[in-house]
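Letters A, B, ... are given to chains in the order of the sequence lines, protein chains preceding strands, and every chain is numbered from 1. Values in this document were obtained by computation on a predicted structure and should not be read as measured data. The figures that follow rest on heavy atoms only: side chains count, while hydrogens, waters and symmetry mates do not.
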4 protein chains.
Amino acid sequence: MQQEHRPLGRPRQDHKEKPTKNVILDVATRLFLEQGYQVVSMDDVAKKCGVTKATVYYYYKTKADLFTDAMVQMMIRIRKRIFDILSADKPLKDRLLEFAKAHLQATVDIDLKGFMKEAKTSLSKDQLQQMKEAEDKMYEVLEQALINAMEKGDIPQGHPKLGAHAFVSLLTVGNYKDSDQKPIFPSIDEMTEQIVDFYWNGLAK
Amino acid sequence: MQQEHRPLGRPRQDHKEKPTKNVILDVATRLFLEQGYQVVSMDDVAKKCGVTKATVYYYYKTKADLFTDAMVQMMIRIRKRIFDILSADKPLKDRLLEFAKAHLQATVDIDLKGFMKEAKTSLSKDQLQQMKEAEDKMYEVLEQALINAMEKGDIPQGHPKLGAHAFVSLLTVGNYKDSDQKPIFPSIDEMTEQIVDFYWNGLAK
Amino acid sequence: MQQEHRPLGRPRQDHKEKPTKNVILDVATRLFLEQGYQVVSMDDVAKKCGVTKATVYYYYKTKADLFTDAMVQMMIRIRKRIFDILSADKPLKDRLLEFAKAHLQATVDIDLKGFMKEAKTSLSKDQLQQMKEAEDKMYEVLEQALINAMEKGDIPQGHPKLGAHAFVSLLTVGNYKDSDQKPIFPSIDEMTEQIVDFYWNGLAK
Amino acid sequence: MQQEHRPLGRPRQDHKEKPTKNVILDVATRLFLEQGYQVVSMDDVAKKCGVTKATVYYYYKTKADLFTDAMVQMMIRIRKRIFDILSADKPLKDRLLEFAKAHLQATVDIDLKGFMKEAKTSLSKDQLQQMKEAEDKMYEVLEQALINAMEKGDIPQGHPKLGAHAFVSLLTVGNYKDSDQKPIFPSIDEMTEQIVDFYWNGLAK
DNA sequence: CATGAATGAGATTTCATTCAT
DNA sequence: AATGAATGAAATCTCATTCAT
């Protein structure tokens with residue numbers, strides 16, 4: 001299924017920018033993120049790609065396959081991104097700030113837990129497992145950064161897994177909008193700073 | 001439609017314990033929580049209630065209506081529960097511990113954000129608004145408790161709305177299970193304590 | 001089913017203007033005329049009457065019964081009306097003019113043929129027969145007026161049944177509106193006159 | 001979707017006579033004419049075509065779409081037919097006779113007004129407009145024939161639109177059957193002649 | 001006389017999926 | 001590699017009708 005490597009030699013005259021399979025995956029990822037698993041139909045994906053349903057089925061045997069691949073690939077990309085951000089040579093808090101800002105600037109809010117529940121009845125055990133593992137690996141990157149910081153004494157010893165999950169869950173606060181569509185803080189910058197500060201200091205002094 | 005009070009005199013021959021409408025609402029609430037809006041069909045609800053689809057439609061004109069009512073009623077119940085817990089005459093941290101424990105003991109994990117996204121395309125504007133408002137009111141109870149604690153000097157001045165949302169979002173960490181189905185902490189008690197501690201103290205000392 | 005006679009003695013304190021059965025029949029007649037047999041539901045009728053469906057069923061055993069009664073009663077009323085108009089002591093053409101005007105002023109256009117086709121699959125043979133007979137009797141009134149006029153020499157001998165149907169069918173021209181919603185003649189008066197003139201004189205000189 | 005022209009070369013192994021879409025349209029047209037819009041279900045159409053409901057929906061997105069297309073195509077065919085008949089090089093009265101006979105020989109009686117009322121609540125504005133326009137164009141062909149005859153002096157000057165509608169409405173008299181199922185005239189030939197005569201001469205001498 | 005509750009049958013519509021070409 | 005045609009199964013919703021009260 002993977003054919004990432006460029007074909008050798010001169011590319012075809014019709015050098016379409018992206019191979020169809022990639023287009024499908026990208027479109028599907030966006031649609032699933034925006035609307036959820038159940039709501040998005042294979043026809044929706046096909047139409048947005050400018051191909052027919054049958055073409056989508058040519059590349060992905062089932063909708064569950066397409067969804068799983070879309071989500072897993074996305075988590076892999078995100079993990080890389082997190083890794084890059086957290087690898088910078090800066091104080092941990094600065095790196096967390098950058099992480100948070102990047103997350104909150106993304107237009108769509110990735111509600112993995114929601115996806116899991118929605119798809120639970122439709123995905124095979126194996127597919128759920130694949131997604132879980134990809135999710136775990138995302139958290140591990142952050143966890144590792146916390147472990148490193150603890151070893152260096154930048155932050156006190158603590159439970160790094162809790163720390164990692166706590167940080168990501170706090171970020172979801174940034175996407176909250178109340179019944180008047182108002183977020184908790186008016187600007188993304190302020191939001192970012194407040195959340196990271198809260199994470200850093202806790203409620204008590 | 002509400003006839004909570006017992007009728008005077010001898011009860012009807014068929015003294016069914018709950019009126020059908022309540023049965024439907026309860027069953028629907030559970031199913032929606034467990035499986036999400038799209039996956040649950042009106043027939044699923046009907047069958048679990050031991051009635052026909054048409055009966056469900058007799059009480060709720062559309063699936064969206066049933067869903068909205070189910071979610072709003074549930075949020076109202078939760079809000080009352082939170083209010084009771086937070087009204088106790090105890091230190092704030094103890095009250096938060098009780099809140100957290102109650103939340104984490106509930107079998108189903110309420111992923112409001114996920115519901116909102118899933119239902120966004122199916123609910124009317126008015127219905128979304130109703131849900132949003134019920135959600136807001138849930139947070140306000142916690143927010144108010146934080147405000148009171150700040151006024152009394154139990155916790156330092158801060159942004160109470162952020163504090164409220166941060167707490168609830170941190171609770172979701174308690175429901176996380178990794179790819180081996182292992183939660184972050186083995187017991188609910190330990191989970192509760194660690195999460196509230198983290199909330200209370202933050203990452204840094 | 002008929003209980004037309006007033007009860008003797010002082011009427012009840014709550015002298016509701018019309019007995020429920022009449023209300024139902026009137027409302028049903030109007031709805032069926034406006035929308036057709038299939039489109040109108042028993043619930044529509046009930047709601048417009050301010051009663052429940054069960055009440056409608058109390059008076060009419062089936063929808064087909066209600067429809068048949070509504071249509072037959074209506075045709076009886078119309079027949080009376082036609083009879084009155086055609087009994088006047090005026091030249092035939094004047095009476096026809098009055099007939100035509102009365103017909104075209106009625107807000108709803110009675111498309112009996114359409115009703116028959118729509119209801120054909122739903123009505124019993126007997127019910128269709130009842131409607132047919134009521135329809136026939138309507139035409140007979142007009143037919144008789146033509147026979148009388150022929151006997152008196154007011155119009156030439158001819159086929160009176162054809163004459164009757166021709167007149168009624170020509171009246172439907174008055175309800176025609178083109179794709180811009182424009183009728184053939186701007187005012188009902190002109191329409192009436194032109195149609196009756198056409199009927200009277202024919203196409204050729 | 002149109003592939004009227006025969007494909008070059010050897011025909012496909014399954015050389016079905018008519019493409020499925022045409023079969024559906026033809027069957028639907030007949031059913032709608034015979035029973036009306038509401039009574040005919042998509043399943044009825046599908047079964048008569050030997051396909052499944054889903055196939056019907058593959059070609060027509062909604063029942064209203066199918067109905068509109070069926071009616072409009074039918075009116076276009078009728079208009080062509082009327083045009084051919086009225087284009088013959090014969091006296092107008094003879095052409096009208098032929099027109100009338102053709103109309104009365106058709107097994108189903110096309111009650112456009114009834115269709116419009118029945119479908120009014122189910123069709124979109126655009127669809128109603130399409131039907132209206134097709135209907136208008138049918139009348140225009142007849143209207144034009146009358147205009148030409150007036151210019152040539154074959155018939156006296158008059159209101160051609162009225163003349164066109166009057167003629168078509170008079171034709172409906174030919175389909176009338178009384179409560180004993182007897183038409184006004186025993187044979188189609190006599191019916192035709194009497195109706196056209198009536199149209200031509202009017203009631204008065 | 002009137003109603004609220006309930007239902008069975010059926011309508012429209014959607015959609016993941018297959019298959020021959 | 002891609003498609004058009006077709007389908008089975010299921011989902012949402014409607015409605016005439018019944019019945020106990």
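Nucleotides of DNA chain F nearest to C:Tyr37 and B:Tyr57 differ in position, and the one nearer the 5' end is that of B:Tyr57. Residues A:Val39 and D:Gln38 each lie close to DNA chain E; by heavy-atom proximity, the contact nearer the 5' end of the strand is made by D:Gln38.
Judged by the 6.0 Å and 45° rule, D:Lys120 forms no cation-pi pair with D:Tyr37.
Secondary-structure annotation of DNA chain F gives the stems E:2-21 with F:2-21, with a stem taken as at least 3 successive Watson-Crick or G-U pairs whose two distances both fall under 3.5 Å.
Rounded to a whole Å, the OH atom of D:Tyr60 is 18 Å from the P atom of F:dG4. The nearest whole Å value for the distance from the NZ atom in B:Lys63 to the P atom in E:dT13 is 19 Å. At whole-Å resolution of the value, NZ in C:Lys61 and P in F:dA16 are 17 Å apart. Distance CE (C:Met42) to P (E:dA9): 20 Å, rounded to an integer number of Å. When the C1' atom of F:dT12 is taken as reference, atom CZ of B:Phe67 falls 16 Å away, rounded to whole Å. Atom NZ in A:Lys18 sits roughly 18 Å away from atom P in F:dA1 (whole-Å rounding). Going from atom CG of A:Asp43 over to atom C1' of F:dA6 covers 14 Å, rounded to whole Å.
One N or O on the side chain of B:Lys63 and one on the backbone of B:Val40 form a donor-acceptor pair closer than 3.5 Å. Distance alone, capped at 3.5 Å, places no donor-acceptor pair between the C:Gln38 side chain and the D:Val39 backbone.
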Only pairs under 3.5 Å count here: list side-chain donor-acceptor contacts from residues 49-58 of chain C, not counting sequence neighbours, and write none if there are none.
{"from": "C:Thr52", "atom 1": "OG1", "to": "C:Thr55", "atom 2": "OG1", "distance (Å)": "3.3"}

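Residues that satisfy the side-chain hydrogen bond (donor to acceptor under 3.5 Å, both in side chains) test with A:Gln129, not counting sequence neighbours, are A:Glu133. With sequence neighbours left out, A:Lys117 forms a side-chain contact (heavy atoms from CB on, under 4.5 Å) with B:Asp111. With sequence neighbours excluded, no residue forms a side-chain hydrogen bond (donor to acceptor under 3.5 Å, both in side chains) with D:Gln35. In this view, C:Gln127 and C:Asp65, C:Ser124 satisfy the side-chain hydrogen bond (donor to acceptor under 3.5 Å, both in side chains) rule, not counting sequence neighbours. For A:Val72, the side-chain contact (heavy atoms from CB on, under 4.5 Å) test picks out A:Thr68, A:Ile76, A:Gln130, A:Met131, A:Ala134, with sequence neighbours left out. With sequence neighbours excluded, the residues forming a side-chain contact (heavy atoms from CB on, under 4.5 Å) with A:Leu33 are A:Thr29, A:Met71, A:Met74, A:Val108, A:Ile110, A:Phe115, listed by chain and number.
Interface residues of residues 23-35 of chain D facing DNA chain F, ordered by number: none; criterion, heavy-atom separation under 4.0 Å. Using a 4.0 Å cutoff on non-hydrogen atoms, the parts of residues 44-56 of chain D near DNA chain E are D:Lys53, D:Ala54, ordered by number.
Considering only side-chain atoms of B:Thr20, the nucleotide from E:dA6, E:dT17, E:dT12 that sits closest is E:dA6. Side-chain atoms of A:Tyr59 lie closest to F:dA1 of the nucleotides F:dA1, F:dT18, F:dT12.
An OP1 or OP2 oxygen of F:dA5 is reached within less than 4.0 angstrom by a side-chain nitrogen or oxygen of D:Tyr58.
Legend: salt bridge (Lys or Arg N to Asp or Glu O under 4.0 Å) pairs involving residues 40-52 of chain A, not counting sequence neighbours, sorted by first then second residue: A:Asp43-A:Lys47. Evaluation of the salt bridge (Lys or Arg N to Asp or Glu O under 4.0 Å) test over residues 24-40 of chain D, restricted to residues two or more places apart or in two chains, returns D:Lys18-D:Asp26.
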